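Reviewing the structure listed below.
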Amino acid sequence: MAAVRVEEVLAAAEEQEAEKQRSITVEKELELEFDLGNLLALDRNPPAAAGLRGAGPRREALLRALARDNTQLLVARLWELPAERAGGAGGPLVARLPEPAFRLPREKPPPRPRPPTRWEQFARLKGIRRRKRTSLVWDEQAKEWRRRWGYRRAGGDPARAWLAEVPEGADPEEDQFARLRREKRERVARNELNRLRNLARAHRAGTAVPAAPLHPTGHQSREELGRVARVARVSTASLGRFQPRLPKEPAEPPSRSGGRKRRFEPLLGNLAAERSRQLELLRDMGSKKPVLDITRAVNKQLRQEEAEAAAAKGKKQSQRGKRGRRQQRAGRSSKKSGARRQQQQRPAGSSTGGGKRKKA
């Protein structure tokens, strides 16, 4: 009896081990394509067409078995990746995922392109192509490589030179250094004006309501200048939060949102909320009944009834006014005809008692 029991125990153990091996071993005719960076597995094997026909427990069981086998293959590939303990020896075992191979669609819409500046529009119209030049050039005077623009640029600042050439036909008594400094200030002011124009044009392009042009006209009001200053202030990366204010510039009024920024849902993390949103979206798309907003429908019906009542009331008042005018016209015409009839019936020598008498 004891020998029989041992054989039964060994057979049961072998059967359990075979069952475990069958649970982790999946055979496929075509190997799956894996993208471990996105935890993605693509199965090119065609499913059994007979099992997918119709709807019932057989189809659900087939789909569950197929999903389970593919998941098993994906998990087996993940266990082949190099792993390490997170947070020390007692931490969980994590694997380093490779770079993703497939580009997944983004959740948020891409940012809107920046509107072209006046120079970009002119260059596109004239066919001017942008040529990339090096930022360093050789300075013959200093005998070294210097920047093409900015501080200590190659060639130096003409306004800081110790010698200034007098142009042909210019006044010999004119201070050429003062002229060079004045021209530089004009160039700086012109560049700043062009920058403000570009900001104003981009601001108008981003708003639905067209705004007034933000270029100097010689008779700008205080409100227009303040609007230009506000547009220039919010053009920084911090939206003007750390920009110093002018001596008499008023403080900005509090925003309607109370300084709160827009919050977006995280791309990763809350899987339950994302699953519920996707299920609700699929449920709305699959339902044949349209989504009805009861409050909006009731308000629309009430507004429609009020508009019809107001239109009917105005129509009645207009009809009543027309009827009253007709009656007044009819009464006046009857009075005039009665007066004419009395004058025709009265004798020629008679006069009314209310008439004036001649003195003897």
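Bear in mind that the values here come from a model prediction, so they are computed numbers and not experimental data.
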Are any side-chain N or O atoms of Asp35 and backbone N or O atoms of Phe102, one a donor and one an acceptor, separated by less than 3.5 Å?
yes
Is Val231 close to Leu196 at the side-chain level, that is, under 4.5 Å between some pair of heavy atoms?
no
Taken to the nearest 0.5 Å, the spacing of Leu40 CG from Leu74 CG works out to 8.0 Å
Any side-chain heavy atom of Leu193 within less than 4.5 Å of one from Arg190?
no
What is the minimum heavy-atom distance between Ala95 and Leu78, and which atoms define it?
CB-O, 4.3 Å
Look at atom CD of Glu99 and say whether more than 12 heavy atoms of other residues, nucleotides or ligands are closer to it than 6.0 Å.
no
With no hydrogens and no angle check, is any side-chain donor or acceptor of Asp69 less than 3.5 Å from a backbone partner on Val26?
no
CZ on Arg146 to OG on Ser135, rounded to 0.5 Å:
14.5 Å
Between Glu174 and Arg182, is there a salt bridge with N-O shorter than 4.0 Å?
yes
Would you indicate whether Glu144, at its atom CD, is surrounded by more than 12 heavy atoms from other residues, nucleotides or ligands within a distance under 6.0 Å?
yes
Does any non-hydrogen side-chain atom of Lys143 lie less than 4.5 Å from one of Trp138?
yes
For Arg124, is the CZ atom crowded, meaning more than 12 foreign heavy atoms sit under 6.0 Å from it?
no
Using atom types as modelled and distance alone, determine if a side-chain donor or acceptor of Asp171 lies under 3.5 Å from a backbone N or O of Glu173.
yes
Hydrophobic clusters here meaning ILVMFWY residues chained together by side-chain heavy-atom distances under 4.5 Å, can you tell me if Leu97 and Phe34 are in one?
yes
Main-chain N/O of Tyr151 paired with Arg147 side-chain donor or acceptor, under 3.5 Å:
yes
Is the shortest distance from a Lys or Arg side-chain nitrogen in Arg118 or Glu120 to a carboxylate oxygen in the other one below 4.0 Å?
no
Cluster link Leu199 to Trp119, ILVMFWY, side chain under 4.5 Å:
no
Greater than 12 external heavy atoms within 6.0 Å of Lys108's NZ:
yes
Other residues, nucleotides and ligands only: do more than 12 of their heavy atoms fall within 6.0 Å of CZ on Arg96?
no
Pro116 versus Gln121, closest heavy-atom pair with distance:
O-NE2, 3.6 Å
Taking all atoms of both residues into account, what is the closest heavy-atom pair of Leu81 and Leu36, and its distance?
CD2-CD1, 3.7 Å
Run through Leu30, Leu32, Leu73 and flag the one making a side chain to side chain contact (heavy atoms under 4.5 Å, CB included) with Asp43.
Leu32
Can you confirm whether the side chains of Gln176 and Arg179 place a donor and an acceptor under 3.5 Å from each other?
yes
If we only count heavy atoms from C-beta on, is the Phe122 to Ile128 side-chain gap below 4.5 Å?
yes
Would a distance-only check, ignoring hydrogens and angles, find a side-chain to backbone donor-acceptor pair under 3.5 Å from Gln278 to Arg275?
no
Counting only heavy atoms not in Glu31, do more than 12 sit closer than 6.0 Å to its CD atom?
no
One should read off an interatomic distance between Leu282 CG and Arg277 CZ, to the nearest 0.5 angstrom, of 12.5 Å
Hey, what do you get for CZ (Arg64) to CG (Leu66), rounding to the nearest 0.5 Å?
12.5 Å
Determine yes or no for a side-chain-to-main-chain donor-acceptor pair under 3.5 angstrom, with Arg148 supplying the side chain and Thr134 the backbone.
yes
Give the intermediate values and the outcome of salt bridge (Lys or Arg N to Asp or Glu O under 4.0 Å) for residues Lys300 and Glu305.
CA-CA 9 Å; Lys300 184 176 181 180; Glu305 291 177 358; over 6 Å; no
Give me the atom names and distance for the closest heavy-atom approach of Asp175 to Arg181.
OD2-NH2, 4.5 Å
Is there side-chain contact between Glu192 and Arg187, with at least one heavy-atom pair below 4.5 Å?
no
To the nearest 0.5 Å, what is the distance between CD (Glu186) and CG (Asn191)?
12.0 Å
Locate the shortest heavy-atom distance separating Asp139 from Arg153; write the atom from each residue and the value.
OD2-O, 4.5 Å
Test item: Lys28 and Asn70 side chains (from C-beta on) under 4.5 Å apart, heavy atoms
yes
Heavy atoms of Arg85 and Gly91 approach each other most closely as NH1-O, 3.0 Å
